[in-house]
> 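I'd like to ask you about the structure that follows.
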Amino acid sequence: MSRHCMSACNHFMKPNLVKSLSSSSPRFSLPHLHQFSFHTSSKKDLTTVTSTHSNFIKSGLSNDTFTTNNLINSYLKLLRISHAQKLFDEMTHRNVVSWSLLMAGYVSQGQPNMALCLFHQMQMQTQGTLVMPNEFTFSTLINACSILASLEIGRRIHALVEVSGYRSDLVVCSSLIDMYGKCNCVDEARMVFDFMCVRNVVSWTSMITTYSQNAQGHLALELFREFNHFRLGKPNHFMLCSAVSACASLGRLGSGKIIHGVVIRLGHDANDVVASALVDMYAKCGCVSYSEKVFRRIPNPSVVHYTSMIVGAAKYGLGTLSLRLFQEMIDRRIKPNDITFVGVLHACSHSGLIDKGLELFNSMNEKHGMMPDPRHYTCTVDMLGRVGRIDEAYQLAKSVQVGSEDDALLWGTLLSASRLHGRVDIALEASNQVIKSNQQVAAAYVTLSNTYALAGDWENAHNLRSKMKRTGVFKEPGSSWIEIKESTYLFHAGDISKCSQKREMLNLLRELEGRMKERGHVGVTTGLVFVDIEEEAREEIVSLHSEKLALAFGLLNTPKGITIRIMKNLRMCRDCHEAFKLISDIVQREFIVRDVNRFHHFKNGLCTCGDFW
DNA sequence: TTAGGGTTAG
């Protein structure tokens, strides 16, 4: 018998316990068993738990539900799900705790489907009376649906919650908010939140996170402000993390800095996840140097910290910094994950480091034992496509078997590259593949049409546009916005009528356009028509052009380091680059342009990452 | 004896 086992037996056979066991019926001996199992559940040693388990069997009292539940719990804490399942299977009387415990065990060990199966069994159980789920069961099941993003089952469980009388339970409601959020049903999450009689910091955080994770960062920050304004509690690291993340998604440097201040004041700056969110936020707000400062203060950076930093640097055009960080993490024996590789491949792609990028792509399997997935193939196709190695990119894309959503990304990437390099043949094939995937169809039509237009094939370009109109395929016009101090200025393609400084802006735009004409860049504008707007009218060419320049206009009034965000549908053309270059000449300072994928750092009129030229 | 919220992706 091991020392642990002896120790457990000695404890079990202490005189007072022996006395009560010998002088009482088994019924009265239960409290001691409860005490015993409670004691063991706090232990983290498998030997102790198994010896306790064996003592229960020897005692002949192992049919006790309460005690067995405690043992199941002990095994679950030791991540021994099979032991817990075996005990559960052998139980003669399972109660709601037994079921809920095992469900929670499966959820925490990444098997949420098993929890749902158990619930199904629980409802079908014929042994004794039917066990009814309680608030613990529901919150665990909702958590399982959240992980699986299973809206249908989640809604069914929500219905059961309503009829079972647990609709006012704080934990159940927070789980529901989280589940709806993870299933991208923001309105349903908000309904649960609004119907809650009592809320706590967790329920507020769940709602803030739902907004933040569903591209509604402004609502996340609004709710965060409301929580603080009404002094409903002290934000904890979970809530702060989501608020920082919301700032990152909006590119709100000012708010991000304020929240960073709150993080420090409340002593959450040492929290790893908060630090990671801050690294990401500063990078997305165009302050990679701040990201690096936060990153370098993390005592033991994890793979997520490194990845945040690698991705941030990559988007900023600092490919060599990304690669240096990647090497650093390898040297520190921190294993890169799939997202790290997406980041580092992205870095190579946008910094023209093709050989290094291909080497990394090949090393994924060879050195790191990781199979590249569609995202890695897409990055590599992008890498080859950007430098004009379209045929190689095409061959690589053809070699991948992916699902429809990934197909659209993969072939959409090749389509963009084909347009950039005027390869109508590959663009046609790529657009067919995108259309076949039934995702991003409108974008594919527009890009193909632009490819034709750039190649001078106006007939096909026009035919494609007509087809779009005929079949009702509509591409949402792009929009851009710029934040100057506390205000956000939003521009829609071809429309600056709502802009408050319209007159002033138009005057400047005329001046800029005049200077652009002098430099002979207006002729290229025709390509831009098909890239960004739906109508081919000449007037709109001018106004679209103006819109781009309007974006740049903000630079004149902004401090150094302003970030311009350009949304997905607005692609940079040479004219716009020239406009930015001109403005840079005028303002004589550095500035940063951010588009959906990356930052472009301009200095003295040149994009330092070389992406534009 | 059992349950809820946060970070990195083209």
Side-chain angles (χ1 to χ4, degrees), chain A residues 34 37-38 41 65-74 76 95-105 107-108 133-144 146 166 169-179 181-182 200-210 212-213 235-245 248 268 271-281 283-284 302-312 314-315 336-346 349-350 373-383 406 408-410 412-413 596-598:
Chain A
H34 294 172
S37 49
F38 175 75
S41 68
T65 304
F66 186 99
T67 311
T68 314
N69 285 346
N70 272 313
L71 263 176
I72 289 174
N73 198 20
S74 299
L76 290 174
N95 64 10
V96 65
V97 179
S98 328
W99 287 95
S100 304
L101 263 171
L102 197 60
M103 286 177 199
V107 171
S108 67
N134 66 9
E135 64 271 41
F136 291 86
T137 329
F138 282 128
S139 51
T140 304
L141 290 168
I142 296 162
N143 193 10
S146 178
Y166 291 106
D169 185 87
L170 197 55
V171 181
V172 171
C173 286
S174 299
S175 307
L176 280 169
I177 294 169
D178 175 64
M179 184 274 292
K182 297 286 191 308
N200 65 2
V201 67
V202 181
S203 34
W204 279 84
T205 302
S206 299
M207 197 60 232
I208 290 169
T209 307
T210 292
S212 177
Q213 291 176 343
N236 60 17
H237 54 288
F238 288 98
M239 187 181 272
L240 289 165
C241 213
S242 286
V244 170
S245 181
H268 295 302
N271 179 279
D272 271 357
V273 185
V274 173
S276 191
L278 285 167
V279 168
D280 177 57
M281 183 273 291
K284 283 187 175 150
S302 68
V303 59
V304 177
H305 296 125
Y306 266 103
T307 305
S308 301
M309 200 58 238
I310 286 168
V311 171
K315 283 184 173 172
N337 65 19
D338 51 340
I339 305 172
T340 319
F341 275 103
V342 170
V344 85
L345 290 171
H346 182 62
S349 176
H350 288 279
D373 68 26
R375 297 164 302 172
H376 305 114
Y377 278 97
T378 303
C379 284
T380 312
V381 164
D382 185 48
M383 199 189 303
D406 293 326
L409 290 169
L410 181 73
T413 300
V596 72
N597 292 326
R598 57 198 175 274

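Keep in mind it's a predicted model, so treat the numbers as computed, not measured. Just the heavy atoms: all of them, side chains too, but no hydrogens, waters or symmetry mates, feed the values below.
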> State which of dT7(B), dG10(B), dG4(B) makes the closest approach to the side chain of Ser174(A).
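The answer is dG4(B).
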> Go through dT7(B), dT2(B), dG10(B) for me and flag the one nearest to the Cys379(A) side chain.
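From the listed options, dG10(B) comes nearest.
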> Does the base of dG4(B) carry an N or O that pairs as donor and acceptor with the side chain of Ser175(A) under 3.5 Å?
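Check fails, no donor-acceptor contact within cut-off.
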> Rounded off to whole Å, could you give me the CG-to-C1' distance for the Asn70(A) and dT2(B) pair?
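It is 10 Å, rounded to the nearest whole Å.
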> Nearest-Å distance, CD1 (Ile310(A)) to P (dT7(B))?
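To the nearest whole Å, that distance equals 19 Å.
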> Using a heavy-atom cut-off of 4.0 Å across all strands, would you classify Val97(A) as base, sugar-phosphate, or nothing?
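Base contact.
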> Is there ring stacking between Phe238(A) and dG6(B), where the centres must be under 5.5 angstrom apart and the planes under 30 degrees?
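No.
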> Of the listed nucleotides (dT8(B), dT1(B), dG5(B)), which one gets closest to any side-chain atom of Phe66(A)?
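So the side chain of Phe66(A) is nearest to dT1(B).
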> Using a 4.0 Å heavy-atom cut-off, does Leu170(A) contact any base of the nucleic acid, only the sugar-phosphate backbone, or nothing at all?
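Answer is base: heavy atoms of Leu170(A) come under 4.0 Å of a base.
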> I'd like to know if the side chain of Ser212(A) reaches the main chain of Ile208(A), judged simply by a donor and an acceptor atom lying under 3.5 Å from each other, with no hydrogens or angles considered.
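Not at all, since once roles are kept as given, no pair shorter than 3.5 Å links the two residues.
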> How many angstroms lie between atom NE2 of His346(A) and atom OG1 of Thr380(A), to the nearest 0.5 angstrom?
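With rounding to 0.5 Å, NE2 (His346(A)) is 12.5 Å from OG1 (Thr380(A)).
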> Counting only side-chain heavy atoms from C-beta out, which of dT8(B), dG6(B), dA3(B) sits nearest to Asn337(A)?
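The nucleotide sitting nearest to the side chain is dT8(B).
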> Rounded to the Å, how far apart are Asn200(A) CG and dA3(B) C1'?
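Those two atoms, CG and C1', are 13 Å apart.
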> Provide, to the nearest angstrom, the distance between the NE2 atom belonging to His305(A) and the P atom belonging to dT7(B).
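Taking atom P of dT7(B) as the reference, NE2 of His305(A) is at 13 Å.
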> Looking across every strand, which nucleic acid part, if any, lies under 4.0 Å from Val244(A) by heavy atom: base, sugar-phosphate, or nothing?
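Since no nucleic acid heavy atom lies under 4.0 Å of Val244(A), the category is nothing.
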> Take the angle between the ring planes of His268(A) and His237(A) and call it parallel below 30°, perpendicular above 60°, tilted in between.
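Correct class here is tilted.
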> Using the rule given for side chain to side chain donor-acceptor pair (under 3.5 Å), can you reason through His305(A) versus Ser302(A), listing the C-alpha separation, both sets of side-chain angles and the distance that settles it, and then say yes or no?
CA-CA 5 Å; His305(A) 296 125; Ser302(A) 68; 3.1 Å; yes
> Whole-Å distance between dA3(B) P and Phe136(A) CZ?
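Rounded to the whole Å, the gap is 7 Å.
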> From C-beta outward on Gln213(A), which listed nucleotide comes closest to its side chain: dG10(B), dT7(B), dT1(B)?
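Ranking dG10(B), dT7(B), dT1(B) by closest atom to the Gln213(A) side chain puts dT7(B) first.
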> Counting side-chain heavy atoms from CB outward, which of dA9(B), dT2(B), dG5(B) is closest to Asn236(A)?
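Shortest atom-to-atom distance from the side chain points to dG5(B).
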> Just to confirm, is there a sub-4.0 Å distance from OP1 or OP2 of dA9(B) to any side-chain nitrogen or oxygen of Lys284(A)?
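For dA9(B), OP1/OP2 do have a side-chain N/O of Lys284(A) under 4.0 Å.
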> Please work out if Ser308(A) contacts a base, only the sugar-phosphate, or nothing of the nucleic acid, heavy-atom cut-off 4.0 Å.
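Since only primed, P, OP1 and OP2 atoms lie under 4.0 Å of Ser308(A), the category is sugar-phosphate.
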> Has the side chain of Asn69(A) got a donor or acceptor atom sitting under 3.5 Å from an opposite partner on the base of dT1(B)?
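Such a pair is found, so the answer is yes.
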> When the distance from CZ of Phe341(A) to P of dG10(B) is rounded to whole Å, what number comes out?
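Rounded to whole Å, this separation is 16 Å.
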> How is Leu101(A) classified with respect to the nucleic acid when contacts are heavy atoms under 4.0 Å: base, sugar-phosphate, or nothing?
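The answer is sugar-phosphate, as Leu101(A) gets under 4.0 Å only of primed atoms, P, OP1 or OP2.
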> Ser139(A) and Ser175(A): side-chain donor and acceptor closer than 3.5 Å?
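Checked: Ser139(A)/Ser175(A) side chains show no N/O donor-acceptor pair below 3.5 Å.
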> Pick from Asn69(A), Thr68(A), Asn134(A): which one makes a side-chain hydrogen bond (donor to acceptor under 3.5 Å, both in side chains) with Asn95(A)?
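For Asn95(A), the side-chain hydrogen bond (donor to acceptor under 3.5 Å, both in side chains) test succeeds with only one of Asn69(A), Thr68(A), Asn134(A), which is Asn69(A).
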> By the 4.0 Å heavy-atom rule, please label Val279(A) as base, sugar-phosphate, or nothing.
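No contact.
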> Could you work out which one of dG5(B), dT8(B), dT2(B) sits closest to the side chain of Val304(A)?
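For Val304(A), the side-chain atoms sit closest to dT8(B).
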> Could you tell me the separation between the CG atom of Asn143(A) and the P atom of dT2(B), rounded to a whole number of Å?
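Checked: the CG to P distance equals 16 Å.
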> Does dG6(B) have its OP1 or OP2 closer than 4.0 Å to a side-chain nitrogen or oxygen of Lys182(A)?
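Answer yes for this pair, as a side-chain N or O of Lys182(A) is under 4.0 Å from OP1 or OP2.
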> For the side chain of Glu135(A), counting heavy atoms from C-beta on, which of dA9(B), dA3(B), dT7(B) is nearest?
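Of all the options, the side chain of Glu135(A) is nearest to dA3(B).
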> So Ser242(A), base contact, sugar-phosphate only, or nothing? Heavy-atom distance under 4.0 Å.
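The residue Ser242(A) makes sugar-phosphate contact but no base contact.
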> To the nearest Å, how far apart are His237(A) NE2 and dG4(B) P?
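Checked: the NE2 to P distance equals 14 Å.
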> Would Asn70(A) and Thr67(A) count as a side chain to side chain donor-acceptor pair (under 3.5 Å) here? Give the steps.
CA-CA 5 Å; Asn70(A) 272 313; Thr67(A) 311; 5.9 Å; no
> Quick check for you: among dG6(B), dT7(B), dT2(B), whose closest atom lies nearest to any side-chain atom of Asp178(A)?
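Taking heavy atoms from C-beta onward, the closest nucleotide is dG6(B).
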